[in-house]
Amino acid sequence: SSSGSSSASGSGSSSPTTKATRIRDSEVTSASSRAYFARRASMHASPAHPVGDSRLLQIRAKTHLSRPLELIVYDEATQKFRVTEAAKTILESWGSIHIGCVGVAGAMRTGKSYILNVLNGRQKGFDLGGTVESKTKGVWMWSCDNWVGKTEDGDQFPVLLLDFEGMFDPNRKDQRYDLGLFFMAALLSSFLIYNVMAVINSTVLSHLNVVAELIKHISLKTAGDDSAVDMSQCMPNLLVLLRDFALELVEGQSADDYLEEKLHIPRRTALAQRRSATPEPGGEAQDQETKGQNEAQENSTKEAVSALFQRRACRTLVCPVEKSELLRALAREELSYGELRPEFVKQSRAVLQYIKNHTPKKFMTMAGGEQRPCTAAEFACLAEHVVASFNNNQQLVIEDTWSMIAQASCARAGKEARQLFEEQHAAALAQQGFPWSSDEVERVHNACHKAACACFWHAATHGETSVKPFERLREWMCEHLAAQHAANMAASRAATLAEVTKMEADVLSRLQADAFSDMAAFSAALDEQATRLSRQRRLGPWLDQAGCELLERRKELENKAVIHFKLAQTERERFEAEQRTLQTMAQLAQEQKQREQERVKMMNEHARLEQEQKQQALAAEQRLVEANHKKERDLAALRAQMERASADQKTQLQAAHNRLVGELQSSAARQAAESSRVQADLRAREAEYARQLAAMQDVVNRQNSELHSLRN
């Protein structure tokens with residue numbers, strides 16, 4: 001049994017060299033991959049190197065279950081088994097960790113759950129029952145925290161404890177139920193404990209008939225031409241545990257010898273053959289026929305057990321307590337491990353040590369007989385396939401099952417590798433976003449590529465099954481590289497154009513500020529900016545390919561500069577012309593102002609002369625009036641004198657009167673003539689002033705038109 005287990009472990013740890021393994025070996029040899037495994041210690045366990053204490057602690061922390069969890073349940077309505085989603089989720093979360101599975105099967109109420117609690121170093125865990133009814137239903141799992149499995153090369157792995165519901169319940173209606181339990185126990189366990197009470201007798205052998213039935217539901221290959229011996233490599237290590245064993249073995253006989261003796265098929269003597277060939281009359285013949293059938297069934301069971309479980313052993317345990325009250329207290333979990341019989345404690349420790357030493361990893365049998373360790377995620381897939389095969393009453397082809405699981409494992413490994421690739425690439429982008437240099441893009445891609453390949457080969461099933469998924473992964477990474485080059489080129493173009501736009505804005509602002517004396521100075525500034533731009537390698541690879549586009553942008557800038565310089569020259573000329581025009585306008589305005597002042601002066605002089613003339617006319621008129629008044633007084637006085645004088649005197653006075661009247665009339669005529677002359681002179685002066693004003697207005701209008709034309 002020991003040598004068989006060791007050889008199985010050894011054969012599972014090394015695989016023949018295939019195309020996939022050669023690809024794997026070429027991809028996992030980089031320092032970045034080793035750094036990745038150091039960072040992802042809690043997710044993967046390396047199958048090729050011993051696991052250190054810290055890594056083992058991380059794995060055990062990840063696979064820890066605080067309490068047992070239901071793995072497989074039986075639906076009474078549909079009469080079918082199914083894997084629980086909670087267990088499937090937890091197993092898949094363990095990922096690529098290799099596991100060993102210790103299962104306990106046997107008849108109901110034989111203390112299977114208790115032995116698993118002891119194996120895990122716990123007083124409580126799997127539920128125990130103190131009644132005749134079975135406590136465990138379906139299949140329960142629990143992570144083993146008390147110890148870990150270990151291969152010959154020092155690789156350590158966590159162990160999963162599987163508690164199967166007790167079989168051979170007389171009240172159970174479904175006759176296939178017991179077969180389903182043993183079917184799952186044999187295919188899910190890497191070390192199977194078959195619990196037997198007291199001794200191996202005909203009842204136990206009749207119960208083990210499920211092994212013979214198991215052969216009908218399992219096939220190693222699709223062709224179905226395999227034998228039980230061929231399928232034995234797929235079966236777990238078997239330990240027949242005799243509980244409450246009270247017999248004494250023959251001196252020199254071990255428990256293994258006792259098991260082999262019970263499985264031995266004795267050779268029939270000639271007398272027995274003649275008796276079986278000669279039928280006896282009456283009921284004895286019928287009894288003999290029944291006995292022969294039972295014997296044939298037992299022999300078939302023995303052959304099936306011997307063929308399927310070639311790595312088998314037997315151990316015995318005495319009753320843990322001597323009194324029935326203490327046994328019930330033990331069932332109620334009220335009795336500690338230290339209160340048990342010393343002999344039981346000693347034997348149980350030996351049994352537990354044997355289980356620890358002979359529990360291998362759960363192995364997958366691939367096409368061609370190749371075996372490789374099974375991961376926790378693959379174990380979840382296996383459980384689903386086993387349950388589905390039994391529910392559908394189909395023969396389970398082991399190689400096909402493992403091939404489907406291997407394909408699912410490779411698909412999951414490809415998904416994990418892609419996720420890791422994207423995570424590492426995103427982390428690199430988070431540190432410094434695009435643009436990068438082309439060499440930097442290749443360097444980051446190569447680092448992510450190596451880490452993804454290492455992740456794939458660590459999680460995938462090694463063999464021909466993994467070649468195509470790995471090629472698809474590499475094609476995806478090549479496409480990703482092309483996409484990253486394109487994205488980096490786009491980012492490089494955007495960054496370069498942004499920098500170029502910034503430089504152009506700077507040089508244009510300087511151009512608008514007339515910082516350049518001529519076109520040569522502007523071209524020198526452009527050359528300086530081009531040199532500074534070429535030194536900025538952070539802008540990425542597009543700068544090396546942007547010669548034509550940047551040249552076109554430079555030509556546009558130079559055209560703008562040419563237009564600017566031409567406009568500047570035209571503006572200067574226009575400014576000078578405007579200055580000259582403004583000077584001319586100012587001079588004309590001064591001349592106009594002077595003329596206006598002269599006009600005002602002439603008008604003031606005209607008004608003064610007119611006022612003087614009016615005053616002179618008024619004074620002359622006043623003098624004439626006064627003279628007239630004097631003459632009228634003289635005339636009146638003369639008239640009065642005439643009236644007093646004689647006729648001669650009247651005649652003289654009349655002559656004097658006439659003379660005075662004539663003088664008055666001539667004076668009035670002269671006064672009227674003088675007034676007419678003065679008025680004519682005033683009218684002539686007014687006409688002259690009007691002519692001068694019109695001439696001056698013509699000059700002003702002509703100057704205004706000249707100013708207007710100059711402004712235009």
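The residues of the chain are indexed from 1 along the displayed sequence. As a basis for the values below, the full set of heavy atoms in this structure was taken, side chains included, without hydrogen atoms, waters or symmetry mates.
- Without hydrogens or angle criteria, S492 side chain to P435 main chain gives no donor-acceptor distance under 3.5 Å.
- One distance of note links OG1 of T84 with CZ of R82; it measures 7.5 Å at 0.5 Å rounding.
- Remark: E688 CD to L693 CG distance equals 10.0 Å, nearest 0.5 Å.
- No close placement of the W94 and F379 rings is indicated, their centers lying 6.0 Å or farther apart.
- Judged by distance alone, the side chain of H449 and the main-chain N or O of H445 form no donor-acceptor pair under 3.5 Å.
- Classification of R372 and E378 as a salt-bridged pair holds, one side-chain N sitting under 4.0 Å from a carboxylate O.
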Test log, rule side-chain contact (heavy atoms from CB on, under 4.5 Å), inputs M503 and L526: CA-CA 9 Å; M503 291 183 174; L526 291 181; over 6 Å; no
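- A salt bridge does not link K630 to E626: none of the charged nitrogens lies less than 4.0 Å from a carboxylate oxygen.
- Listed for the E440 side chain is no donor-acceptor partner under 3.5 Å among the backbone atoms of S437.
- Judged purely by distance below 3.5 Å, without hydrogens or angles, the side chains of Q583 and Q587 never pair a donor atom with an acceptor atom.
- The two residues C455 and L420 come nearest to each other via the heavy atoms CB-CD2, 3.6 Å.
- No donor-acceptor pair under 3.5 Å is formed between the side chain of N701 and the backbone N or O of N704.
- Every residue two or more places apart in sequence or in another chain that forms a side-chain hydrogen bond (donor to acceptor under 3.5 Å, both in side chains) with E674 is listed here: R677.
- Put simply, the side chain of S466 never gets that close to the backbone of C410: no donor and acceptor are under 3.5 Å apart.
- Of the possible donor and acceptor atoms, one in the side chain of N604 sits under 3.5 Å from a partner among the backbone N and O of V600.
- Summarising the geometry of G414 relative to L473, their closest heavy-atom pair is O-CD1, 4.2 Å, with the distance given to 0.1 Å.
- Taking a 6.0 Å sphere around CE of M519, one finds it holds more than 12 heavy atoms contributed by other residues, nucleotides or ligands.
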Please assess Q484 against F434 for the test side-chain contact (heavy atoms from CB on, under 4.5 Å), listing each intermediate value before the final yes or no. CA-CA 9 Å; Q484 292 306 310; F434 285 152; 3.1 Å; yes
